[in-house]
Chemist: 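Structure in structure tokens, see below.
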4 protein chains.
Amino acid sequence: MTRARTGDTGDEPVPQRLLRVATRLFAERGFEVTSVQQIVDEAGVTKGAMYHYFGSKDDLLSEIYGRVLRVQMARMEEAANSTGPVWQRLHSVAADVVATTVANLDDTVIFFRSMHLLHPDKQTEVRAERRRYHERVRELIAEGQRTGVFRDDKPADLVVDYFFGAVHHLGTWFNNEGELSGERVGEHFADLLLDSLRP
Amino acid sequence: MTRARTGDTGDEPVPQRLLRVATRLFAERGFEVTSVQQIVDEAGVTKGAMYHYFGSKDDLLSEIYGRVLRVQMARMEEAANSTGPVWQRLHSVAADVVATTVANLDDTVIFFRSMHLLHPDKQTEVRAERRRYHERVRELIAEGQRTGVFRDDKPADLVVDYFFGAVHHLGTWFNNEGELSGERVGEHFADLLLDSLRP
Amino acid sequence: MTRARTGDTGDEPVPQRLLRVATRLFAERGFEVTSVQQIVDEAGVTKGAMYHYFGSKDDLLSEIYGRVLRVQMARMEEAANSTGPVWQRLHSVAADVVATTVANLDDTVIFFRSMHLLHPDKQTEVRAERRRYHERVRELIAEGQRTGVFRDDKPADLVVDYFFGAVHHLGTWFNNEGELSGERVGEHFADLLLDSLRP
Amino acid sequence: MTRARTGDTGDEPVPQRLLRVATRLFAERGFEVTSVQQIVDEAGVTKGAMYHYFGSKDDLLSEIYGRVLRVQMARMEEAANSTGPVWQRLHSVAADVVATTVANLDDTVIFFRSMHLLHPDKQTEVRAERRRYHERVRELIAEGQRTGVFRDDKPADLVVDYFFGAVHHLGTWFNNEGELSGERVGEHFADLLLDSLRP
DNA sequence: TATGAATGAGGTTTCATTCAT
DNA sequence: AATGAATGAAACCTCATTCAT
């Protein structure tokens, strides 16, 4: 006799199931307001099972952060290292980061809302990884500024923070049921960025 | 014998002192992770005193939200209703919202990190107020689009979300000890916005 | 309406009551095997009340250790500093330490059974205090050896460990309902010690 | 690929290895504070393996008690049944019990610290065995008292408890790296006992 | 003979809040 | 206007043990 399980999708392994459920609940209700009991109930396992795979509730959060960073970094590297003129590469990166963010909106919501709840060490690690990410885009902009393709009266750093701010807040308003797709929003955002960089 | 009080500034009334301390702690550590005990300890009062002035811990958070909304709305109305061409008014609003945000950075950090912890009714209220704010800026952009001053191939709504996203993330990276002042960042951000709207 | 309380002795304050109940239970069943719930149930308070006065279950144990050390040290100093020939003072100390131990048998049982469960810092502190105690008695013996009253072919240190070992194990066999009183056992033990020290 | 194992001594069978590791950990940290996971990790086996050989964690403790009792009883019988005057036999028994105790110090530490954690039935059994042990020594003393070799103004029972107390506390202070060997301490203790029994 | 995922009961602790004073 | 002892619900986590393989 198998127990009925909410969100049971066939044979999805327990750790993945827990992570999936936790991600949804953390995004919907908030990390601290979601109890371990709620997570395991929705995942259809017991607390003991969860603690068999994850050392703590914090570990779940850490794992989500790790996953986000891996995914985003991989996508970005790909776009940034493509060939073509710098404006095209930047446009591509910008549009892609929006699409990726929208495709993993729960992760993004959690990311910026709950960073302060991570263990300080993990926080440092996450920040370092984000800085690498940020830096990679800054280089693109600086390259365009050096070659005269982009205006150079705005610090490249500031432009990155400006654009990523816009991206990171997608979680606040973007609606998957809305009329604009993630890709469409990506195009618009990339256009706005590129146009604001015209010399 | 009076107890030593952190941040004791002479005769600041108890409610104000509690609100000030709570704002700092919520921004530094997070709302859920800050206990009422910590707040009253740092404010140099007892729990009974706090519950005399505030009905609950949530009330403190609500109060902070109310304050933020009042301040930002007032500043914005002023800038938006000034005279001058629409691009100038938008530039002024944009620069000002950045400066105001930076001047109340703790509030902003709390705002976007802890909204989901408010009582649903209060959340609805806050969202409505923000929508009015958002709408006021959207009108400015639409006005510019109608009069041909701004490009009209980008939904005004989207542009507002784009720009406010950048503003709301200031709390993540802006550093008061850094080399750029809030006003300077406001100028840069407003420039970037206006330039991205060129037809 | 006052709640019925097991072990309610009139107006004994809550902290004392908790400590008294905890001491009994720790001695009867063991520290780790006694739950906080059992303690507060028997003391007639809630868990919250206990944590209002004691930071943790470990704190209860620490407090018991502190009390034991204070009591024993005070009694011993008094006996050791009395006047009279050295053999008389040693006899008096020896008899007294037995009587005190028997009078606080629960404390003694806990002391030697649960020391390893204390926080390492507290353990260090307890050990240091015991060493002072041990040292005070060693001096008495050494004094007797120097003056030729006691044999000197046995290290004074070893004699102290020998005798205190006997005392500390009283908890294993001494029975308050038995035919020998604590004072009587103290006399016997002191006699045995003194006689084994005859030159 | 085989896992690294702490204390792996070639082909020591699994049950012995588990018992050896458990003994060390129980003595170092305490029974209740040592988890089955720690034991099997250090022994380089899995939990399943442990439960294959031992019915429960308690069984490990029981086994240790059984081993201690067998060893000590055997040694003592031998010494007590030797020929020679009673004072010589008692001296021999006393010295030997110290040496045996020191040679199995971990066992002794566990014995007196964790007896209360045994299953009541096992406790009864252990106590009965100890009583037989105790009784055997008491008889020696009584024999000496009857024959006028020992003083008879001290209950033989009490003398046994006195001496065994000293022995059982060796675990508290005896240090194998110290300057006195177990045999040497045994001689001293036996001397002190015999001398305190002089008429 | 051995694995290790999973259980489930129970443990300690935290904390917003109340209330007699 | 303020105290602080006390509540009680709920949180996170541990762990000996079982069982299908």
Side-chain angles (χ1 to χ4, degrees), chain A residues 3 13-15 18 31-40 43-61, chain B residues 3 13-15 18 31-41 43-61, chain C residues 2-3 13-15 18 31-40 43-61, chain D residues 3 13-15 18 31-41 43-61 117:
Chain A
R3 285 177 60 183
V14 170
L18 283 166
F31 175 79
E32 318 85 326
V33 138
T34 303
S35 72
V36 169
Q37 193 61 59
Q38 287 169 337
I39 297 170
V40 299
V45 299
T46 59
K47 271 195 277 210
M50 195 213 97
Y51 282 98
H52 182 70
Y53 292 105
F54 300 92
S56 66
K57 189 186 168 191
D58 281 9
D59 265 19
L60 282 171
L61 190 57
Chain B
R3 283 177 63 183
V14 169
L18 281 165
F31 175 78
E32 320 85 325
V33 138
T34 303
S35 70
V36 169
Q37 193 62 59
Q38 287 171 335
I39 296 170
V40 299
D41 282 353
V45 300
T46 60
K47 278 203 264 214
M50 197 211 94
Y51 280 96
H52 182 74
Y53 294 107
F54 299 92
S56 67
K57 187 187 169 190
D58 282 345
D59 268 16
L60 282 171
L61 191 57
Chain C
T2 46
R3 286 178 59 184
V14 170
L18 283 165
F31 176 79
E32 319 83 328
V33 139
T34 302
S35 71
V36 169
Q37 191 63 59
Q38 289 169 337
I39 298 170
V40 299
V45 298
T46 60
K47 274 195 273 210
M50 196 212 97
Y51 281 97
H52 182 69
Y53 292 104
F54 300 92
S56 66
K57 188 185 168 191
D58 281 9
D59 265 19
L60 281 171
L61 191 56
Chain D
R3 285 177 62 182
V14 170
L18 282 165
F31 176 78
E32 320 86 323
V33 137
T34 302
S35 70
V36 169
Q37 193 62 58
Q38 287 171 335
I39 297 169
V40 298
D41 282 353
V45 300
T46 59
K47 278 203 264 216
M50 196 212 94
Y51 279 97
H52 182 74
Y53 293 106
F54 299 91
S56 66
K57 188 188 170 190
D58 282 346
D59 268 17
L60 282 171
L61 192 57
L117 300 172

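The sequence lines fix the lettering, A, B, ..., with proteins before strands; numbering per chain opens at 1.
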Chemist: What's the shortest heavy-atom distance between D:Pro15 and D:Tyr53, and which atoms?
Modeler: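 D:Pro15 and D:Tyr53 have their closest heavy atoms at CG-CD2, 3.5 Å.
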Chemist: Does any non-hydrogen side-chain atom of A:Ser56 lie less than 4.5 Å from one of A:Asp59?
Modeler: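 Touching, per the 4.5 Å side-chain cut-off.
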Chemist: Could you go step by step and tell me if D:Thr46 and D:Val40 meet the side chain to side chain contact (heavy atoms under 4.5 Å, CB included) rule?
Modeler: CA-CA 6 Å; D:Thr46 59; D:Val40 298; 5.9 Å; no
Chemist: Which pair of non-hydrogen atoms, one from A:Thr34 and one from A:Ile39, has the smallest distance, and what is that distance?
Modeler: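 The answer is CG2-CG1, 3.8 Å.
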Chemist: Do any N or O atoms of the protein come closer than 3.5 Å to N or O atoms of nucleotides 17-21 of chain E, and which pairs are they?
Modeler:
| from | atom 1 | to | atom 2 | distance (Å) |
| --- | --- | --- | --- | --- |
| E:dT17 | OP2 | B:Tyr51 | OH | 2.9 |
| E:dT17 | OP2 | B:Lys57 | N | 2.9 |
| E:dT17 | O4 | B:Lys47 | NZ | 3.2 |

Chemist: Answer whether the closest heavy-atom distance between the side chains of D:Val14 and D:His52 falls below 4.5 Å.
Modeler: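 No - every pair of side-chain heavy atoms lies 4.5 Å or more apart.
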Chemist: Find the distance B:Gln38:CD to E:dA16:C1' and express it as a whole number of Å.
Modeler: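 That distance rounds to 13 Å.
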Chemist: What nucleotide among F:dC12, E:dA6, E:dG11 has an atom nearest to a side-chain atom of A:Ser35?
Modeler: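 Among F:dC12, E:dA6, E:dG11, the one nearest the side chain of A:Ser35 is F:dC12.
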Chemist: Please report the distance, rounded to the nearest Å, between CD in A:Glu32 and P in E:dT14.
Modeler: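 The answer, rounded to whole Å, is 17 Å.
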Chemist: For a quick check of understanding: with a heavy-atom distance under 4.0 Å over all strands, which category does D:Tyr53 fall into, base, sugar-phosphate or nothing?
Modeler: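 Touches sugar-phosphate only.
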Chemist: If you define the side chain from C-beta out and look only at heavy atoms, does anything of A:Glu32 sit under 4.5 Å from B:Phe31?
Modeler: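 A side-chain contact is absent here, since even the closest heavy-atom pair is not under 4.5 Å.
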Chemist: For D:His52 and for B:Gln37, locate the closest nucleotide of DNA chain E by heavy-atom distance; then report the residue assigned to the nucleotide nearer the 5' terminus.
Modeler: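 Looking at DNA chain E, the more 5' nearest nucleotide goes with D:His52.
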Chemist: Starting at CD of B:Gln38, measure out to CG of B:Asp41 and round the result to the nearest 0.5 Å.
Modeler: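 B:Gln38 CD to B:Asp41 CG: 8.0 Å, rounded to 0.5 Å.
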Chemist: Does A:Tyr51 have any side chain to side chain contact (heavy atoms under 4.5 Å, CB included) partners at least two apart in sequence or in another chain, and if so, which?
Modeler: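 Checked A:Tyr51 against side chain to side chain contact (heavy atoms under 4.5 Å, CB included); matches are A:Val36.
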Chemist: In whole Å, what is the span from the CZ atom of A:Phe54 to the P atom of F:dC12?
Modeler: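 After rounding, the reported distance stands at 15 Å.
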Chemist: Just to be sure I understand: a Watson-Crick pair is purine N1 to pyrimidine N3 plus N6-O4 or O6-N4, both under 3.5 Å. Using that and G-U wobbles, which stems of three or more pairs involve DNA chain E?
Modeler: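 So far as stems of 3 or more pairs are concerned, DNA chain E shows E:2-21 with F:2-21.
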